[in-house]
There are 2 protein chains.
Amino acid sequence: MTQATLPGLTLCNNAMLRRATRKLGQFYDDVLAPSGLKATQQGLLYQIHIGDEPTMGAIAGALVMDLSALGHTLKPLIRDGYVETFADPGDRRIKRVRLTPQGLIKLDEAMKLWRVAQQRFEDMVGKEQAAKLRAALDDLAALDFDLPPAAT
Amino acid sequence: MTQATLPGLTLCNNAMLRRATRKLGQFYDDVLAPSGLKATQQGLLYQIHIGDEPTMGAIAGALVMDLSALGHTLKPLIRDGYVETFADPGDRRIKRVRLTPQGLIKLDEAMKLWRVAQQRFEDMVGKEQAAKLRAALDDLAALDFDLPPAAT
DNA sequence: CTCATAAAGTGGCATATGCCACTAAATGGA
DNA sequence: TCCATTTAGTGGCATATGCCACTTTATGAG
């Protein structure tokens with residue numbers, strides 16, 4: 001009960017991650033603002049771009065994101081004409097995604113700004129440090145939390 | 001244009017951070033589910049708990065969160081009777097926040113689950129590694145991105 | 001004391017994300 | 001061939017977060 005000695009939330013891996021995400025998100029968003037895209041949208045356009053007309057599921061998987069969340073996030077981009085979807089000819093359950101010409105132009109524009117943000121970030125924390133952090137985060141995203149005990 | 005050689009979004013510090021946050025968030029949320037709280041809510045209740053009837057601004061600052069976002073996030077917790085607010089007697093612009101008795105009970109319940117998640121996480125990535133990650137994320141949240149060039 | 005300005009929140013609007021219940025389409029038997 | 005099951009998305013609902021325009025209080029000149 002002596003809350004004077006209670007540890008801060010600095011001990012929670014999840015809370016720290018969210019907090020850092022808010023901070024960095026604000027920074028990248030600020031730099032990307034002139035393009036009219038949020039950092040999340042730039043990242044999503046890029047992910048679509050580097051794929052070969054990826055399916056919704058493939059994108060969601062790559063981004064470790066819920067499929068329905070991806071669908072929601074895609075809506076404003078489709079509305080604004082940056083992205084379009086089409087049913088896979090071979091399997092009509094599957095919906096594929098691609099950038100429109102406008103989307104490609106917008107992505108180029110956003111990438112220029114992204115490089116600025118990325119560079120400024122790495123100038124502050126150090127290229128090495130940044131790479132190490134990304135590697136750690138990559139590992140994190142790949143973890144498999146299932147099966148609590150799983151002994152034997 | 002040869003997208004075959006385009007680097008994955010693995011290079012974007014921000015994207016990696018968000019991705020890891022989604023992953024870890026799902027894990028902590030899963031473990032906390034029996035309490036009915038999301039990990040963000042548990043973290044917020046805890047932050048309020050360790051403070052001395054903190055002001056909205058103080059909480060937002062500690063969590064590196066927008067003040068209005070905090071206000072929004074607090075609503076369901078107030079609605080569910082876990083948190084209550086009251087005007088500071090000395091400065092009526094200031095609103096202070098505290099847990100209700102119910103909120104304290106719920107926090108205890110959630111903390112038990114949180115420890116399980118935290119422990120399982122550290123068993124997987126290693127206590128050392130987790131601490132290092134948190135430290136890095138803490139530094140990140142403390143960065144000051146203002147003044148781009150700032151030479152001379 | 002009076003008013004311009006700063007400080008602290010609120011509300012509205014928009015995106016980010018998740019879960020769940022459903023629908024549509026493909027698949028694997030019987 | 002026909003149906004139970006699985007796969008891929010959609011829509012609705014709820015929380016997480018931000019920005020911006022205001023409203024309410026304090027404060028600090030004058």
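Because only heavy atoms are used, hydrogens play no part in the values below, and waters and symmetry mates are left out as well, while side chains stay in. Each chain gets a letter, A, B and so on, in the order its sequence line appears, and its residues count up from 1.
- Where A:L70 and B:R96 meet DNA chain C, the nucleotide closest to each residue was compared, and B:R96 sits on the side nearer the 5' end.
- Rounded to whole Å, atom P of C:dG18 lies 10 Å from atom CG of A:L63.
- Following rounding to the nearest Å, A:N14 (CG) and D:dA16 (P) show an atom-to-atom distance of 12 Å.
- Atom-to-atom, CD of B:Q42 to P of D:dA16 comes out at 12 Å; the value is rounded to the nearest Å.
- Between A:R18 atom CZ and D:dT17 atom C1' there is a gap of 9 Å when expressed in whole angstrom units.
- The pair B:R115-B:E122 fails the salt-bridge criterion, with no side-chain N (NZ, NE, NH1 or NH2) lying under 4.0 Å from an Asp/Glu carboxylate O.
- Ranking C:dG11, C:dG18, C:dG9 by closeness to the B:S68 side chain, first place goes to C:dG11.
- Put simply, CE on A:M111 and NE2 on A:H49 are 8.5 Å apart, with the number rounded to the nearest 0.5 Å.
- Cation-pi check for A:R98 over A:F86 is met; the charged atom lies under 6.0 angstrom from the ring centroid and within 45 degrees of its normal.
- Checked for salt-bridge contact, A:E53 and A:R96 miss the test: no charged N lies under 4.0 Å from a carboxylate O.
- Between the CG atom of B:L67 and the P atom of D:dA16 there is a distance of 16 Å, given to the nearest Å.
- Between B:Y28 and B:F121, the angle of the ring planes lies from 30° to 60°, which puts this pair in the tilted group.
- Within residues 20-40 of chain B, the residues having any heavy atom closer than 4.0 Å to DNA chain C are, in order of number, B:R22, B:Q26.
- For B:D139, there are no side chain to side chain donor-acceptor pair (under 3.5 Å) partners, not counting sequence neighbours.
- For the segment residues 72-93 of chain A, the set of residues with a heavy atom within less than 4.0 Å of an atom of DNA chain D comprises A:H72, A:K75, A:R93, in numerical order.
- Using a 4.0 Å heavy-atom criterion, one finds that B:I94 contacts the sugar-phosphate atoms exclusively.
- B:K106 has no carboxylate O lying under 4.0 Å from a charged side-chain N of B:D80, or vice versa, which leaves the two without a salt bridge.
- In summary, A:R19 and B:D138 engage in a salt bridge, as defined by a charged side-chain N under 4.0 Å from a carboxylate O.
- As a whole-Å value, the separation of A:M56 CE from C:dA24 P is 17 Å.
- Scored by the side chain to side chain contact (heavy atoms under 4.5 Å, CB included) test, B:Q129 finds B:K132 as partners (sequence neighbours excluded).
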Provide a list of protein-nucleic acid N or O atom pairs under 3.5 angstrom, restricted to nucleotides 2-5 of chain D.
none

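- Taking CZ of B:F145 as the reference point, atom CZ of A:R120 lies at 9.5 Å (rounded to 0.5 Å).
- In this view, A:I105 satisfies the side chain to side chain contact (heavy atoms under 4.5 Å, CB included) rule with no residue, not counting sequence neighbours.
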